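The shown structure was predicted, so the numbers you read here are calculated from the model rather than taken from an experiment. Residue numbers start from 1 in every chain, and the chains themselves are labelled A, B, ... in the order their sequence lines are given, proteins ahead of strands.
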Amino acid sequence: MFKKILIANRGEIALRIMATCREMGIDTVAVYSEADSTAAHVLYADEAVCIGKPEPGDSYLNMDAIIDAAKGANAEAVHPGYGFLAENGEFADRCQEADLVFIGPPGTVIRNLGDKITARRIMERAGVPVMPGTTWTVRTGDNMDEVAAAADAIGYPVLVKASAGGGGKGIRIVHEPAALVDACMAASREAQTAFGDGAVYLEKFFETARHVEVQVLADTHGNVVHVLERECSIQRRHQKIIEESPSPAVTSELRDRMGEAAVAAARASGYVNAGTVEFLLAPDQSFYFLEVNTRLQVEHPVTEMITGLDLVRCQLDIAAGAQLPLTQKDIAGRGHAIECRIYAEDPENGFFPSPGRIEVLHEPSGPGIRNDCGVYAGAMVPVDYDPIISKLVVHAETRELAIRRMAKALREYVILGVKTPIPFLVDVMESPAFGAGDLSTGFIDTHFQDWRPSTGHRDIALIAWVMDAMLQKPAGRQAETESRMPTPWETLGRWQL
Amino acid sequence: MFKKILIANRGEIALRIMATCREMGIDTVAVYSEADSTAAHVLYADEAVCIGKPEPGDSYLNMDAIIDAAKGANAEAVHPGYGFLAENGEFADRCQEADLVFIGPPGTVIRNLGDKITARRIMERAGVPVMPGTTWTVRTGDNMDEVAAAADAIGYPVLVKASAGGGGKGIRIVHEPAALVDACMAASREAQTAFGDGAVYLEKFFETARHVEVQVLADTHGNVVHVLERECSIQRRHQKIIEESPSPAVTSELRDRMGEAAVAAARASGYVNAGTVEFLLAPDQSFYFLEVNTRLQVEHPVTEMITGLDLVRCQLDIAAGAQLPLTQKDIAGRGHAIECRIYAEDPENGFFPSPGRIEVLHEPSGPGIRNDCGVYAGAMVPVDYDPIISKLVVHAETRELAIRRMAKALREYVILGVKTPIPFLVDVMESPAFGAGDLSTGFIDTHFQDWRPSTGHRDIALIAWVMDAMLQKPAGRQAETESRMPTPWETLGRWQL
Amino acid sequence: MEYNLTANGEPFTVTVSPTEGDAASNTAEAEMTIAGNRYAVAATRVEGNHLHLKVNGRGMNVYVGEGEAGRTVMVNGLMIQVADAEDAARSPQGKRRAKRGPQEVTSPTPAVVTSVLVAAGDRVAEGQGVVVVTAMKMETTLTAPYGGVVTAMNTEAGANVNPGDILVEIERDADGNEGDADDDGQ
Amino acid sequence: MEYNLTANGEPFTVTVSPTEGDAASNTAEAEMTIAGNRYAVAATRVEGNHLHLKVNGRGMNVYVGEGEAGRTVMVNGLMIQVADAEDAARSPQGKRRAKRGPQEVTSPTPAVVTSVLVAAGDRVAEGQGVVVVTAMKMETTLTAPYGGVVTAMNTEAGANVNPGDILVEIERDADGNEGDADDDGQ
């Protein structure tokens, strides 16, 4: 096993990876931008290297700086987390060239699967069902008549998607021919900004489909297993916000079929390490390959909760050359797990990011509750990156009990200083629609289009304001217990000797 | 299901019970002594009633006050937690007389099993193996020749135990005849103080035996299942400090035999609700009935972690008259769980209690980590009660991985203001003896008799002292962000209008 | 005494009769009336921003932090903005909230302008996109809050903008109804 | 400059050469020497009692709280008492620690005396029980720290006693070796 690895990421996922490393006796090297010098992942790591200015291109996307940091710290491997360079084939190649193990699939596999068109061809050859759509891409300036004809052939509504996409960026739904050109242009522009590649393509769009994905693990010895499914239908801005496992729509028989398709997809693409095969599940139980996420998913904890596996440990073992310690029959789910993503965002305002300083933080805890958190009280959620605060995950005996556990955990989660979707998520958990498991990617638009926070507890909030004014502000325990004289250092401003 | 219950306890177990109640939509009523008016369980409850002075006899053992509080609040049931009135048959009867459901077995069952001699006879009749020992009790002033003869017949070493005992109180090990009389007197005196009953009896003592117990669940419809075993061999002051499940000594075949014996014990005693049958497991794999704990155990979370069950929910369902939702074949363990009890105590000084105010509290978290905590930063650990702070529990794929996870969690657990056994527990987790699973009730005496904290990190501590002096103490975020004028209320001392 | 407060923009009068308090133990008791509802309140400051309230016998934990033009109170998973009514009236944010939905073209967070979609003199319909901004890699189109004529475009592509900056000024159509029938309390 | 400190009772001299500091960001850097080991240190106060240290390039989190006659430092699961050497020498607790094991008969926590087992004039052996106390329902026997003759019994059954109260005075036997060869640093 590795003695030291570098984690080329930040926030909760960097901490999540370091937690398992620490258990395994692997030293961790954090990298950070100038905006993150006191970020939680920097404070937790065994070593930390500043790799550049806040702008991601100068830091977390800066391959030279990251590889230099890894070599300088004598790290043996690099874990990319999710986002940033996690699905960048060139980065995987460059790690290998620098004699660093990239904890993920080989660069060629990332490139093949990262290009939606190539991926689609691989899946078609492997007999994995794919979505009706174009097998060619569109860029600004292309002939739009051809695009319009293709959209007509697929049938509206159609989805415009960035070929190099992910994370909900560079995506547009088009309901009628008149909106097609504008949508292609906007998606292309967004893709160009986000991924440096403006190519987009068209796909059939199902109004009420579910997003169901299958976790796979593949070792370097040719063993591939699937680790059950996750339902991630509930999305805002085309980005998942609530995930669960098992999916309320997936029967045991369907689970086997989707699992086999996912394993076939992994085998056909020469996959190694942990990956996720995303499917669209139509109301008639037919399913279609969407894409392979060639990395650890944000939502991997729901799989960990129901299977009892540590997927980061699996990743490290695979990267170190170990055989998978389990076969398909060893893998079974128990109970039900749900994850809510807690972002610094404003649910009353289109979930727009709400960066800032975390003023108060009280994490929920208790039986069956896990919170993978990337901040601390006093920490900044900088404007420069994806504003995820934590992933709140619960596990209970049944879906109904897991929903109640999540609602309770959300109600006990206190974050002040930034806005969060907690009040929205509570309402989703307590809604009959969510309770019925009747999910689709249009869930929020269908059931929570005009969501406003409940007016409950308004009187309590007014009472709290009055009592807060009435009760003395304590100087703090710190000050109370502080009786010694200040040292000379404490009276200095900035100094240098 | 109940709409409202009273929890006749304090600290972490009161919070643990309330957590499940809140998920189930059951309102909770806390009771508290004058020493606990801002204790964590009081702050968390939906309602709270002061039941008397700090002295337990005036408050948490005050049946009149507790039953009055329950009736006054319109609670339908009472959960006794562990300790205090949890194994008091009279209290169970009095709840019933007051039309309150006692969440535990009937009073007669508690009395029968609480009297060690009666319990022993029940077990003998049911074919459950029992320890060689006396079937009569000794009190101060009894004829000691007869006692000495009995001890000779059993064979030294013998154990002197309080008939009404529990929690390690009223227990003495006697290695030679000369020490027998003093030991009986000391145990009797301690038993008189602790339980109001000075009766003690003798039992065979195994120098290297293990303490292995089996969780049972019995409903009011005659269904009884066992929920696997817990190994609780590691004790100091005859009180458990580390528990785990499964036991490294228990084979699948032995698990079945011990489980059957536990179910037989429950059936023979007319048991209802959750209970624990404690066995002594000898090196030759023979096992002997010790006692039945007629309540939820401190260490119940390790069972919850490996089975995915919520035992408090099971208790509430059973008390409300529900059938057990599972049969023996539905119950299986997965992975390995370990619990460490974190008390305010001094591991360098015989684990003597170290009450006081919690100055700093940072709870460990992460995948597979659960901390059932009964305090908050600023809270008091009062001198009046058992000084438990929390129970740190981990779950991982294997025992080896669970040990590493626990060691990491302990190292990340920060408690300042009181002493804790954290440094000791880290050393136990990282010791070859614990790693080998070679446990016995003499584990600490054998391997950690003269334990002193490691001198590692001494230089770091000195560096920390210097840098702490060098860095300015912040006035606190509170003060920083506080710019408004003080309200008139804040300038007042004590006032009344 | 009376406090004139707003909760999420809606005005309330809170009548308070303090009954007891103790600075040393950081506890206070009071009786209050809000919109005809009477409350017996006992409060303890547990630490910093954390207050424990007992309201008509029921315990609850509330957290009071800095908010927009006042305080943010978090209770039972809800986040409620509470402010002194006069402060709230002075704050554009408070005014905006009181009217449900933006009445000005401004970015909700620091952002960079990607493109401007209209120019001074253009007629715009309510909901029409006028400026595209990007923040945290997310592109968002700011729309006209009402129909009218653009009188000034105060930004350009590439500009850094902040919340409160009025990016586009629009003269409302004569039939625009500023004080529409929205229930402000939602 | 030099600090004379004790860590768990053992004395150390820490030579410190501060190099840089910034009160605003609460960071400081210094070079230190302890018992011949050289350390390059960078520190940040994260909040209250929590400092992040970078020591010879390795990051770690330390928590510094009030301790017996000084401070308690918690680092990586260890709790270490650190004090200014002069303060430590003044404290009976510090003295006790420096000698490994109690040298006086005193209760480690507030407690009630259950019984006294010896009387003035009695000869006691090292380790012999002299007073039984009970606290938090737990009975503990306090033992003689060395052999000798009891010169005074300062308590009685039922008495409330506190840490530091000398319950029994014992005149040490002539062959008693106060400064024995213990390595104090354990």
Given the rule in the side chain to side chain contact (heavy atoms under 4.5 Å, CB included) test, do B/His457 and D/Val73 qualify, once you have shown the distances and angles that lead to the verdict?
-> CA-CA 10 Å; B/His457 285 305; D/Val73 177; over 6 Å; no

Among B/Leu425, B/Ile422, B/Val414, who wins on heavy-atom pairs under 4.5 Å with chain D?
-> B/Val414

Identify which part of D/Val82 has an atom lying under 4.5 Å from any heavy atom of chain B, answering side chain, backbone, both or neither.
-> both

Report yes if some heavy atom in the side chain of D/Glu66 is under 4.5 Å from a heavy atom in the side chain of B/Arg357; otherwise report no.
-> no

Looking only at D/Val132, D/Asn37, D/Ile80, D/Val14, most heavy-atom pairs under 4.5 Å shared with chain B are made by D/Ile80

Using non-hydrogen atoms and a 4.5 Å limit, figure out which bit of D/Phe12 sits close to chain B: side chain, backbone, both or neither.
-> side chain

Taking the inter-plane angle between the rings of B/His362 and D/Tyr63 on a 0 to 90° scale, is it parallel (under 30°), tilted (30 to 60°) or perpendicular (over 60°)?
-> tilted

Where on D/Met32 is there a heavy atom nearer than 4.5 Å to chain B: the side chain, the backbone, both, or neither?
-> side chain

D/Ile34, D/Thr114, D/Asn76: which one forms the most heavy-atom pairs within less than 4.5 Å of chain B?
-> D/Asn76

Among the options B/Asp459, B/Ile415, B/Asp427, B/Ile460, pick out the one with the most heavy-atom pairs lying under 4.5 Å from chain D.
-> B/Asp459

Let me see the working for D/Asn8 and B/Arg452 under side chain to side chain contact (heavy atoms under 4.5 Å, CB included), right down to the final yes or no.
-> CA-CA 11 Å; D/Asn8 284 350; B/Arg452 293 281 124 186; over 6 Å; no

Please round to the nearest 0.5 Å and tell me the distance separating atom CG of D/Leu78 and atom CG of B/Leu410.
-> 11.5 Å

Check each atom of B/Leu462 against the heavy atoms of chain D and say whether the ones under 4.5 Å are side chain, backbone, both or neither.
-> both

Could you look at D/Thr44 and say if it's the side chain, the backbone, both or neither that has a heavy atom under 4.5 Å from chain B?
-> backbone

Name the region of D/Asn61, side chain, backbone, both or neither, that has any atom closer than 4.5 Å to a heavy atom of chain B.
-> neither

Pairwise distance CE(D/Met74) to CZ(B/Arg411) - rounded to 0.5 angstrom | 10.0 Å

Can you see which heavy atom on D/Gly65 is nearest to which on B/Leu416, and at what distance?
-> N-CD1, 3.4 Å

To the nearest 0.5 Å, atom CE of B/Met470 lies from atom CG of D/Leu51 at 11.0 Å

